Amino acid sequence: VVDDAHYHHKSSYPDDRDQVQFPFSGKWRFYLTDTQDSSIVYGTGKFFVVNDDANLGVSIKRDELEDQSYWPVELAKAINITTDFYLPDDFHPAFVDRVEIVDNQRLYYPVIIDRKTNTLFRFYKWDANRSFTFTARDIPAGNEFRQVDIRNNNLFSTKDVRAQLDGLEYSRFFLNPANKDLNGGKVYSNYKDEFSTYLNVTFSVRPPEENFQNIFLVGAFNNWELSLDYKMNESGGVYSITIPLKRGIYDYRYVAADVDTGEIINENWLVLEGNTWLNSKEYDIFLYYNEQDKGGYERIIGYKRIKQD
């Protein structure tokens, strides 16, 4: 039994016996509940069900922001992604809705190219027949993620540990990536291992003195969602937070942002992490369609995962 663990669950859907099938494509949510009382929820999560009806062609291009002068110049490094497809005859062109691009598993912050809103940076083309092209310009290039690896029970032998062995971390804005990350992912230690328990992990960072915003920890352990629960505490110019983590390896980063009446605003994902073309990234592209049957719902009719190396 792993200390502090409430449950262990592993399943694959549809399973080998085809007992679980999904009647609709789109975004889904699952709940892990008590077998005797379904109102007791132990955990929730999200997943996508995709009908890969439209064959998506996706291209990536490096570019630089041109609408203003940027300093440092690294801030101007960007990525353009173009998605084109020919709509199959089973679908009506009027109901093609949007393309969403998920950058390195950051599900809460997709790049959206909405057919209803054309701008210089998010736009689509349609030939009035069945050919579509959706383009997203000026996606920040970003950097490789930081990583915390607490799998080694000899190096991390106590309940209370630091995320990095040398303790304090600093800005990586001018540092090119040294190691490849998990593209926003995480890897748990084997749950059968007697040392595969939860540790109290302290993250500490000293931002540059010109930083006047709050610092937040965000990563694979909280599904890359900026949250007040992960706002770091400042003392003497050092920002720290302690969170429980199961032994494993996790991608993470520090985000600067303001807090106004309980809401996180003006978030800056680059100022402490850098912006370079030298990193490797993974993009998930989803094509949404406004299905009119069965009461109407958002249907995913095209999907492709691409990697930028």
Side-chain angles (χ1 to χ4, degrees), residues 1-51 100 102 104-110 148 150-151 153 156 158-161 163 182 184-203 216-233 241-252 259 261-264 284 286 288 290-291 293-300 303:
V1 178
V2 175
D3 293 342
D4 303 321
H6 299 293
Y7 60 87
H8 174 79
H9 178 82
K10 182 178 181 180
S11 295
S12 178
Y13 304 105
D15 59 23
D16 294 336
R17 296 165 294 176
D18 292 328
Q19 290 184 331
V20 178
Q21 297 183 0
F22 301 99
F24 308 103
S25 69
K27 296 179 181 178
W28 286 67
R29 181 185 292 274
F30 69 84
Y31 299 86
L32 298 179
T33 67
D34 189 277
T35 56
Q36 304 300 320
D37 184 354
S38 60
S39 67
I40 302 175
V41 179
Y42 297 113
T44 66
K46 298 179 179 180
F47 63 97
F48 295 86
V49 174
V50 174
N51 288 335
E100 288 191 0
V102 175
N104 274 349
Q105 303 190 34
R106 294 190 297 164
L107 295 176
Y108 290 95
Y109 307 94
V148 52
I150 52 175
R151 294 174 295 179
N153 61 284
F156 300 93
T158 62
K159 184 73 172 177
D160 301 310
V161 301
L182 298 173
K186 58 189 174 185
V187 177
Y188 292 127
S189 296
N190 192 321
Y191 73 96
K192 296 180 180 179
D193 188 334
E194 62 177 309
F195 296 106
S196 182
T197 185
Y198 283 80
L199 306 180
N200 299 319
V201 184
T202 298
F203 295 78
F216 292 82
L217 177 67
V218 62
F221 36 75
N222 66 353
N223 295 318
W224 296 101
E225 183 177 13
L226 274 176
S227 166
L228 292 174
D229 293 335
Y230 286 79
K231 178 177 173 291
M232 305 181 76
N233 301 306
I241 189 173
T242 301
I243 62 172
L245 285 183
K246 186 180 185 295
R247 284 198 189 271
I249 181 170
Y250 304 81
D251 285 353
Y252 71 97
V259 178
T261 61
E263 293 189 3
I264 301 173
D284 292 291
F286 299 89
Y288 285 85
N290 285 325
E291 179 59 65
D293 293 340
K294 301 177 181 179
Y297 65 96
E298 284 193 332
R299 181 175 176 181
I300 298 177
Y303 167 77

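Computed from a predicted model, the values in this text were never measured in an experiment.
With rounding to the nearest 0.5 Å, the separation of CZ in Phe24 from CG in Asp293 is 10.0 Å. Remark: Leu217 CG to Asp229 CG distance equals 11.5 Å, nearest 0.5 Å. For the atom pair Ile150 CD1 and Tyr198 OH, the distance stands at 10.5 Å (nearest 0.5 Å). Atom CG of Asn104 is separated from atom CG of Asp284 by 9.0 Å, given to the nearest 0.5 angstrom. With values rounded to the nearest 0.5 angstrom, Arg29 atom CZ is found 10.5 Å from Phe47 atom CZ.
Aromatic ring pairs are classed by plane angle as parallel below 30°, tilted from 30° to 60° and perpendicular above 60°; the pair Tyr188 and Tyr250 is perpendicular.
The heavy-atom pair separating Val102 from Pro110 by the smallest distance is CG2-CB, 4.4 Å. Between Leu228 and Gly262, the shortest heavy-atom contact is CD1-O, 3.2 Å.
The shortest side-chain heavy-atom distance between Phe221 and Lys186 does not fall under the 4.5 Å cut-off. Here the side chains of Arg299 and Lys294 are not in contact, with every heavy-atom distance at 4.5 Å or above. Residues Leu226 and Tyr108 form no side-chain contact, since every pair of their non-hydrogen atoms from C-beta on lies 4.5 Å or further apart. The side-chain heavy atoms of Leu245 and Phe203, taken from C-beta on, include a pair separated by under 4.5 Å. Side-chain atoms of Phe48 and Tyr303, non-hydrogen and from C-beta on, never get closer than 4.5 Å to each other.
A side-chain donor-acceptor contact under 3.5 Å links Asp37 and Ser39.
Looking at Asn200, Asp160, Thr202 one by one, the single match for side chain to side chain donor-acceptor pair (under 3.5 Å) with Thr242 turns out to be Thr202.
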> Between Ser189 and Lys246, is a side-chain hydrogen bond (donor to acceptor under 3.5 Å, both in side chains) present by the stated rule, with each step listed?
Replying inline: CA-CA 8 Å; Ser189 296; Lys246 186 180 185 295; 5.6 Å; no

>> Between Val259 and Phe216, is the side-chain contact (heavy atoms from CB on, under 4.5 Å) condition met? List the steps.
In response: CA-CA 11 Å; Val259 178; Phe216 292 82; 3.7 Å; yes

>> Please evaluate residues Ile300 and Tyr288 with respect to the criterion side-chain contact (heavy atoms from CB on, under 4.5 Å), reporting the C-alpha separation (whole Å), side-chain torsions for both, the decisive distance (0.1 Å), and the verdict.
In response: CA-CA 5 Å; Ile300 298 177; Tyr288 285 85; 3.6 Å; yes

> Yes or no on ring pair (Phe, Tyr, Trp, His ring centres under 6.0 Å) for Tyr252 and Tyr230, after CA distance, side-chain angles and deciding distance?
Replying inline: CA-CA 12 Å; Tyr252 71 97; Tyr230 286 79; over 10 Å; no

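No donor-acceptor pair under 3.5 Å is formed between the side chain of Asn223 and the backbone N or O of Glu225. Remark: the backbone N or O of Gly184 is not paired with any side-chain donor or acceptor of Arg106 at under 3.5 angstrom. Looking at Asp251, its side chain does come within 3.5 Å of a backbone N or O of Leu182 through a donor-acceptor pair.
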